[in-house]
Amino acid sequence: MEEITKKAPKKNTIENQILVIFGSNGDLSKRKLLPAIFQLYLDDLLPDNFILIGAGSQEKDEESNRVEVKEALLKFAKGDVTAFPEKLELFLQRLYYKKVHNQTEEDFGELKEYIDTLSARLNIPKNIIYYFSIPPFLYEVVAAHLVKYGLNTEDDGWKRIIVEKPFGYSYDTAIDLDKKLRSGFNEDQIYRIDHYLGKETVQNIMVTRFSNGFFEPIWNRKYVDRIEITAAEKIGVGSRGGYYDTSGAMRDMIQNHLMQVLAVIAMEPPSIFDSESIRNETVKVLQALRPIKTSEIQDYVVRGQYIATDVDGELQKGYRQETNVVSNSKTETFVAMKLFVDNWRWGDVPFYIRTGKQLPERVTEVIIHLKPAPHQLFKQRCVAQSTNMIILRIHPDAGVAVDFGMKIPGAGYKVQNVNMAFHYSDLAENKISEAYERLLLDCMIGDSTLYARADAVKASWKFVDPILQAWKTNPKIPLYFYECNTWGPNESNALFGDKQLKWRVPFKKFKTD
Ligand code: BG6
């Protein structure tokens, strides 16, 4: 296999810079961002002159912030942090903290002074990334406050903002948010993070497709029967009920992560591998999604919600019993849908997408189901149904498998399905970096390839918004309940419109059913 990652940039190609994390005391920052930055530091990928300023509403001094960050790293960093005591201490010395109340304009004036002072004292240019690790309703507020104090101007160094999904709550609000962000920042300063694009295995979909001669010729309507994309989670909403109940699986997973995966699967090959060319191709896929008519939503989309279930003698809460979820909530924790990409490559090939919480496994995979051979010579002799699939496993057990029929040794011509699987773990010398490490590093370099562009976000909202509207306004559209530890409501199989077909149950190690 060809090179799977872009070569890690040499340290000195990354300009000295400052990273400001708004919401630095929050969950995302502690669990994902700080460990990712620490890992970049351990891998010697941060520039020599780099500082991280935590900005949060808590009052604390720099030293107590360092103590808290250390605790977070001990808990959430990859590997054993205590194995690098000196490095850890050196890293902590690069951390600073400023109390900022996001809704208080003057706090940003103080933040500016703080940055100015540190920049002068430590001789760091004002190349600044502002990471919005804050609730989405604060994005435009914080952006406006940055603009107010000129913290967006680039005459003394570049400025970039990273915003987390959800980018808007609906088509209209997404457009509105974009307008507001764009009033202070150019498109090339805005990095919309979708951590699925940071996953090594999602990037590898492009490499698998475009660096090999034998996948692309069959990657189209002539040879592909249907495509399944599953992103299943074993956990429920846990402590995130408050957020999730206003979001649901469609906004939380489909509008962003799964649409991006779909776009990478279905895109045309770009002529060159750069940020604009790739994003030009992925957006075309999203713009080609066939709109689902309101009257047909039930035939194309199935929504579900998990209910209290006894799993192996242990009672799992139902969604409505989760903290901060309203007791008669109609929020979907499961969505399965059928959709079409109306273009020459994919005309009439159904794409099936599903995601859900409280399912039996945590697994994300894409299955390209190929059409059967045109003449079934061995039909009578198949031990298992002979099917051809290409399985792109995103996690766990990341890798690629091809499933096909083989002769069972011995007399006659009995055919059985087997698979050839490549496991990432076999590439021992290439460690798989966490999505946030990759994405943060890309932003530090100024590479937005793996960030969502405004037009893609808009196209995706345009597709999902009518479905959300219909759910909201038409109480007749059912919300199916499903038990925890199951693959969601059975009704999701009806999407295939063929009793012989159903969702494939993923197996842990690429084994096929
Ligand atoms: C997040 C969603 O963006 O992605 C979560 O908000 C979800 O609800 C998570 O659990 C899934 O990410 P991953 O990388 O675990 O598949």
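Whatever order the structure lists them in is the order used to number ligands and atoms, beginning at 1.
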Trainee: Heavy-atom contact under 4.0 Å between Tyr244 and ligand 1?
Mentor: no
Trainee: Number the atoms of ligand 1 from 1 as they appear, then name those within less than 4.0 Å of a heavy atom of His395, with their elements.
Mentor: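 Atoms satisfying the 4.0 Å criterion: 16 (O).
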Trainee: Can you report which non-hydrogen protein atom sits closest to atom 14 (O) of ligand 1, along with the distance?
Mentor: Lys199 NZ, 2.6 Å
Trainee: Would Phe334 and Tyr482 count as a close aromatic pair, with their ring centres under 6.0 Å?
Mentor: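 Phe334 vs Tyr482: aromatic centres under 6.0 Å.
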Trainee: Which atoms of ligand 1 have any heavy atom of Glu233 under 4.0 Å away?
Mentor: 7 (C), 10 (O), 11 (C)
Trainee: What I want to check is whether the side chains of Asn25 and Tyr97 have a donor and an acceptor closer together than 3.5 Å.
Mentor: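 There is such a pair between these side chains.
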Trainee: If you count the atoms of ligand 1 from 1 in the order shown, which ones are under 4.0 Å from a heavy atom of Asp252?
Mentor: 2 (C), 5 (C), 6 (O), 8 (O)
Trainee: Parallel, tilted or perpendicular, judged at 30° and 60°: which one describes the rings of Tyr244 and Tyr319?
Mentor: perpendicular
Trainee: Mark up the atoms of ligand 1 that fall under 4.0 Å of a heavy atom belonging to Tyr196, in ascending order.
Mentor: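 So the atoms of ligand 1 that pass are 12 (O), 13 (P), 14 (O), 16 (O).
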Trainee: When you compare the side chains of Asp397 and His423, does any donor N or O come within less than 3.5 Å of an acceptor on the partner?
Mentor: no
Trainee: Does atom NZ of Lys30 have more than 12 heavy-atom neighbours, drawn from other residues, nucleotides or ligands, at distances under 6.0 Å?
Mentor: yes
Trainee: Taking atom 13 (P) of ligand 1 as the point of reference, which of Arg362, Met253, Lys357 owns the nearest heavy atom?
Mentor: Arg362
Trainee: In terms of atom number and element, which parts of ligand 1 are under 4.0 angstrom from non-hydrogen atoms of Lys165?
Mentor: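 Under 4.0 Å from Lys165, ligand 1 has these atoms: 1 (C), 2 (C), 3 (O), 6 (O).
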Trainee: Taking the six-membered ring where the residue is Trp, are the ring centres of Phe351 and Trp346 under 6.0 Å apart?
Mentor: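 Yes, they do, as the ring centres are separated by less than 6.0 Å.
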Trainee: Got a salt bridge between Arg192 and Glu187, using NZ or NE/NH1/NH2 to carboxylate O under 4.0 Å?
Mentor: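 Looking at Arg192 and Glu187, the cut-off is met.
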Trainee: Using a 4.0 Å cut-off to any heavy atom of His257, which atoms of ligand 1 qualify?
Mentor: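 In order of numbering, the contacting atoms are 1 (C), 3 (O), 4 (O).
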Trainee: Give me the residue, atom name and distance of the protein heavy atom closest to atom 4 (O) of ligand 1.
Mentor: His195 CE1, 3.3 Å
